[in-house]
Asks: 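What follows is a single structure, and I will ask about it in a moment.
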Amino acid sequence: MGSCAAYEAAKLGKKVLLLEQFDLLHHLGSSHGESRTIRATYSAPHYPPMVIESSRLWEEAQAESGYRVLTKTTQFDIGPADTPSLQSIITNCSTNSLALDSQLAEQFSGAFRLPVGWLSLSTSLGGVIKPTKAVSMFQSLAIRHRATIRDRAEVAEIKRDGIDIIRVSTTDGRQFRGNKCVLTVGAWSRKLIKAIRGLELPIQPLHALVWYWKIKDGFEPSLSAAGGFPTFAYFGEPQLYGTPSMEFPGLIKISLVSGWPCDPDRRDWTIGGGDESAVMRKAADCIELVMPGRIETARGPVMTQACMYSMTPDEDYVIDFLGGEFGKDVVVAGGFSGHGFKMGPVVGRILSEMAIDGQAETAVRIGVDMKVFGMGRFEGNPKGNV
């Protein structure tokens with residue numbers, strides 16, 4: 001989000017500094033690895049127009065950079081027909097003129113089986129994004145527009161320094177000054193915002209697992225992006241998501257939409273805190289239920305990678321002005337709750353507009369009320385938009 005915001009502000013000719021607390025393109029947060037999905041099939045009505053706009057901006061950025069970070073696919077959603085989320089997705093796709101297809105039998109080389117009483121939906125707006133490559137792309141584009149980037153610059157303090165100046169101090173004693181400041185610190189949002197403003201935002205970091213499963217011999221081509229296999233979401237219990245086989249030969253990513261509470265500065269790298277085996281077994285059973293005979297599930301995933309989510313109670317983002325002594329001069333974005341990466345370009349533009357103009361013109365244009373992302377929704381109501 002910060003790299004996208006830096007790119008958008010630099011494009012407008014602003015003098016931009018982007019600070020990263022670790023090394024550039026590190027693997028300690030939520031924006032690394034081999035794949036993230038893009039989809040417009042959301043149950044909440046404010047997200048589909050954001051995805052549609054973000055998809056357009058992904059194409060613009062790729063055209064400017066000269067290379068691609070997004071592989072387009074179909075998006076496929078499956079679950080019990082009475083699942084409220086699926087029913088809301090149908091409504092929101094209609095509202096946003098997204099064509100839905102509910103015909104399963106001829107799709108995806110017969111890879112999916114629909115249990116009795118289940119519903120399947122497919123839309124053309126899907127795809128796989130290469131996250132590390134994408135972050136690098138936006139940082140490179142920002143530099144092309146004369147932005148400055150500094151890594152190993154962990155922020156310790158943000159203060160107002162006079163009427164129009166924001167001073168940012170790092171843990172190694174450096175100080176930077178500017179007219180505006182945008183905070184996109186992921187799993188560290190709760191800590192830093194509390195230190196700066198004294199606000200306790202309910203943004204809970206989760207230690208998440210990314211699982212890769214072995215594809216059975218002979219099915220590798222049909223489960224690949226080149227073979228037309230989709231990105232998909234499984235609205236069962238547990239809830240799963242997956243991508244076509246493309247990151248590692250012979251493996252397919254099918255992972256949980258959840259994780260284990262953690263402190264981002266003191267993560268317990270023992271995977272899953274000890275109860276991962278039971279969760280893996282449930283996931284394996286779900287895979288066999290809807291993709292029988294395609295995946296080696298008996299031994300569980302053959303590769304596991306760690307990531308982090310930054311969860312809000314309502315799973316809606318936090319995008320707002322910090323307020324207080326900072327007024328509209330500091331903008332905050334966090335709590336992307338495991339479904340934010342696809343939104344990077346549109347959120348970056350919105351953050352740039354908020355910082356520079358004091359309002360999100362893009363959100364107004366696409367019909368998104370930014371109040372849904374406001375910090376104030378948690379005042380006296382810890383569950384927010386729930």
Side-chain angles (χ1 to χ4, degrees), residues 1 21-22 26-39 42-44 47 79 85 128-129 131-132 135 184-193 201-213 231-243 247 251-287 297 300-318 333-344 378 382-386:
M1 301 303 180
Q21 70 164 319
F22 300 115
H26 64 85
H27 284 215
L28 299 173
S30 307
S31 303
H32 63 276
E34 294 299 318
S35 64
R36 298 291 187 277
T37 64
I38 184 169
R39 60 180 173 87
Y42 270 93
S43 59
Y47 291 116
S85 294
V128 181
I129 305 165
T132 301
V135 173
T184 57
V185 294
W188 289 264
S189 295
R190 186 171 190 164
K191 288 185 174 185
L192 189 56
I193 291 170
L201 288 183
I203 299 177
Q204 175 61 58
L206 298 183
H207 179 82
L209 301 177
V210 178
W211 290 334
Y212 291 90
W213 307 72
T231 52
F232 65 93
Y234 171 94
F235 288 86
E237 180 55 44
Q239 189 172 343
L240 304 172
Y241 73 97
T243 64
E247 298 107 305
L251 303 184
I252 186 170
K253 176 181 175 179
I254 304 176
S255 299
L256 290 172
V257 185
S258 64
W260 290 261
C262 71
D263 180 335
D265 293 310
R266 298 176 178 83
R267 288 167 74 180
D268 181 356
W269 296 92
T270 58
I271 296 173
D275 63 348
E276 70 277 5
S277 295
V279 179
M280 283 181 185
R281 187 66 262 159
K282 286 183 179 180
D285 291 342
C286 294
I287 293 169
T297 58
V302 297
M303 182 185 299
T304 301
Q305 296 178 341
C307 191
M308 275 197 294
Y309 291 164
S310 301
M311 303 297 295
T312 60
D314 51 20
E315 299 185 16
D316 281 324
Y317 310 156
V318 172
F336 290 98
S337 300
H339 62 101
F341 196 93
K342 67 179 79 64
M343 304 288 198
F378 298 116
K383 292 186 177 181
N385 296 323
V386 173

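Atom set for the values below is all heavy atoms of this structure, side chains included, hydrogens, waters and symmetry mates excluded.
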Asks: How long is the straight-line distance from CZ of Arg36 back to NZ of Lys342, given to the nearest 0.5 Å?
Replies: 10.5 Å

Asks: Find the distance between CD1 (Ile252) and CH2 (Trp211) and round it off to the nearest 0.5 Å.
Replies: 14.5 Å

Asks: Are any non-hydrogen side-chain atoms of Thr312 and Phe378 less than 4.5 angstrom apart?
Replies: yes

Asks: So Ser310 and Phe336, side-chain contact (heavy atoms from CB on, under 4.5 Å) or not? Walk me through it.
Replies: CA-CA 6 Å; Ser310 301; Phe336 290 98; over 6 Å; no

Asks: In Å, rounded to the nearest 0.5 Å, how long is the span from OG of Ser255 to CH2 of Trp213?
Replies: 9.0 Å

Asks: For a 4.5 angstrom cut-off between non-hydrogen side-chain atoms, does His32 reach Cys307?
Replies: yes

Asks: Quick check: are there more than 12 heavy atoms from other residues, nucleotides or ligands sitting under 6.0 Å from NZ of Lys191?
Replies: yes

Asks: Quick one: side-chain hydrogen bond (donor to acceptor under 3.5 Å, both in side chains) partners of His339, sequence neighbours excluded?
Replies: Tyr42, Tyr317

Asks: Can you check whether Pro264's main-chain N or O pairs, donor with acceptor, with Trp188's side chain at less than 3.5 Å?
Replies: no

Asks: Compare every heavy atom of Thr243 with every heavy atom of Phe232, then report the nearest pair and how far apart it is.
Replies: CE2-N, 4.2 Å

Asks: Does Tyr309 reach the side chain of Gln204, with side-chain heavy atoms less than 4.5 Å apart?
Replies: no

Asks: Are Leu240 and Cys286 side-chain neighbours, meaning at least one heavy-atom pair lies under 4.5 Å?
Replies: yes

Asks: Who pairs with Glu247 by side-chain hydrogen bond (donor to acceptor under 3.5 Å, both in side chains), at least two apart in sequence or on another chain?
Replies: Ser35, Tyr212

Asks: For a quick test of reading the model, state the closest non-hydrogen atom pair linking Gly33 to Thr132 and the distance between them.
Replies: N-OG1, 3.0 Å

Asks: Measure the CD-CG distance between Glu237 and Asp285 for me, rounded to the nearest 0.5 Å.
Replies: 12.5 Å

Asks: What closest approach, in Å, do Ser337 and Glu315 show between heavy atoms, and which atom pair accounts for it?
Replies: OG-CA, 3.5 Å

Asks: Residues in side-chain hydrogen bond (donor to acceptor under 3.5 Å, both in side chains) with Thr297, at least two apart?
Replies: Glu288

Asks: To the nearest 0.5 Å, how far apart are NZ in Lys253 and OG1 in Thr37?
Replies: 7.5 Å

Asks: Under 4.5 Å between any side-chain heavy atoms of Arg267 and Met308, yes or no?
Replies: yes

Asks: Nearest heavy-atom pair of Pro313 and Pro382: which atoms, and what distance?
Replies: CG-O, 3.2 Å

Asks: For Pro205 versus Ala187, what's the shortest heavy-atom pair and its separation?
Replies: CG-O, 3.3 Å

Asks: Any heavy-atom pair between the side chains of Tyr47 and Asp316 that's under 4.5 Å?
Replies: yes

Asks: Please walk me through it: do Ile129 and Ile38 pass side-chain contact (heavy atoms from CB on, under 4.5 Å)?
Replies: CA-CA 7 Å; Ile129 305 165; Ile38 184 169; 4.1 Å; yes

Asks: For residues Met303 and Leu251, report the shortest heavy-atom separation together with the two atoms involved.
Replies: CE-CD1, 4.0 Å

